[in-house]
Amino acid sequence: MNDSEATFFGHPRGLATLFFTEMFERFTYYGMRALLTLFLSAAVATGGFGMSEQEAGAIYGIYTGAVYLFCVPGGWIADRILGQRHAVWYGGILIAVGNCILAIPSGHDLFYLGLMVIVLGVGLLKPNISAVVGALYKDQPGYRRDAGFSLFYMGINLGAFIAPLIAGTVGEKVGYRFGFLAAGLAMVIGLVQFRLTGRYLGGAGLEPQMHGAEKTRNIRLALAGLAILVAAAVAAYFGLIRLTPSGLAWQLLIVMAGIAVVVFGGVLFFGGLDAAEKKRIGVIFVFFVCAALFWAGFEQAGSTFNFFARDYTDRSWLGSWFEDGQHPASWYQSVQPIFVILLSPVFTWVWVALGRRNLDPSAPLKFGLGLIQLGLGMGVMAIAAALVVSSHGKVMPTWLMLTYLVHTTGELCLSPVGLSNVTKLSPPRFVGQMMGTWFLGAAIGNTVAGLVGGEVGGGSAEAMPGQFMRMLFIGGGAGVLVLLLSPLLRRMMGGIR
Ligand code: PHE
């Protein structure tokens, strides 16, 4: 059997290369993320930065938001300059280097530099590795591609599942810096694996789309962008621009909203689209808003819920393994990914079974259901928080797990559906840009999740039930609204399912 005939669960062998690269990359991302807010808010004496929860939440929001925001230029650079495979490679190197910088026991400046390097790295790697998956299936039928992407999503969640158990435990129980190092090492393994098995990818994603003068112009543009970033970082370092974490998080949100307006406005008004195409862009816009809202709740996993695990969850189960009698709070970061792994085959089966009877819910319906489940999860948290207040103590881990379960079923209604519908609904020449808006939605959601997490984690226990109830009304209310609008949205989709 030669290289191109070898298979991975019946898929091209190259999928295994990408599966494991993304598995290790997500290990690094989620392993580090599980520790981030805990580290920032830990007392200096215990190796943390001694920040308030507000500050920690804001930095979490800026970092996770920036990571996905930079996926937009990351895709652009791959298309026009590097080619996707090289973007994955160099992105991975930046991620490994950035995490090693975090592992150096030093002050704030070096830590922020590490975060910035990771942001650039994930921006280069994350969007482009998916694009290479797509390229592997260039000449294959759609259902094979969907199956390939499902397998790939398993790789994402496998990494996200294992990371908090290893890097989280090391970070919380041995030392935060060692945790960051453990996270970074995973990316190194991923890179070695990518290099050694790269031949199985054939020519997929090897060459950029543009050459010659056009490419030179693009390189200049990219370098100019990088120069602006470096100048801003240097100015901040020397105190020429004054930045506070929450101020910067808000500014970032405004910039991202501005980008959304420019991208959607540009395509709608200057894209030369006909009426039917404009309606579909309108649907993508609604999906974008829903996605931002959804991730704003869901991604509180690393902020609000991480603090809740630390402060209000009884972690004595297996606690005897650890000196302080409590298992690490970061373990709960593994709950959502394992639910994804267990439940995505069930969801695929349900959608297919319903599809056979012509009952498969439309994409807007699934979006509405996703948001409603997000709200329900917040309702569970409101009850858990009320119990914390009434008992003046800690609650069982089952509450967090139940919230994560409902949030994950919501994710499975919304996330895969969103991605495939964006590609189906946008006119072919704007697919790249519209994919970018999907990451932009995630970026906005993550930043909001950080800000909200700071508010909740830094507030009193008494305030929590009310805060979670408000999230229930916002998420659930938006979900009901989308359900009501779904007939209209379906008409606007114009026959695309
Ligand atoms: N679990 C997903 C991932 O890590 C979360 C995500 C959704 C990220 C959408 C970006 C965009 O890939």
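Heavy-atom basis, side chains included; hydrogens, waters and symmetry copies ignored. Note that this is a predicted model, so its numbers are computed, not measured. Counting starts at 1 for both ligands and their atoms, in listed order.
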Legend entry - Mutual orientation of the aromatic rings belonging to Phe264 and Phe285 [parallel < 30°, tilted 30-60°, perpendicular > 60°]: perpendicular

Inset, instruction - Check whether any side-chain heavy atom of Leu18 lies under 4.5 Å from a side-chain heavy atom of Phe194, and answer yes or no. - result: yes

Inset, instruction - Using a 4.5 Å cut-off on heavy atoms from C-beta on, say whether the side chain of Leu151 contacts that of Leu15. - result: yes

Legend entry - Residue pair Leu412 / Phe339, side-chain heavy-atom distance below 4.5 Å: no

Inset, instruction - Name the orientation class of the two ring planes belonging to His407 and Phe298 (parallel below 30°, tilted from 30 to 60°, perpendicular beyond 60°). - result: tilted

Legend entry - N-O pairing of Arg33 and Glu299 below 4.0 Å: yes

Return a table of N or O atom pairs, ligand 1 on one side and protein on the other, at distances under 3.5 Å, rounded to 0.1 Å.
unit_1: ligand 1; atom_1: 1 (N); unit_2: Tyr30; atom_2: OH; d: 3.3
unit_1: ligand 1; atom_1: 4 (O); unit_2: Arg26; atom_2: NH1; d: 2.9
unit_1: ligand 1; atom_1: 4 (O); unit_2: Tyr30; atom_2: OH; d: 2.7
unit_1: ligand 1; atom_1: 12 (O); unit_2: Lys126; atom_2: NZ; d: 2.5

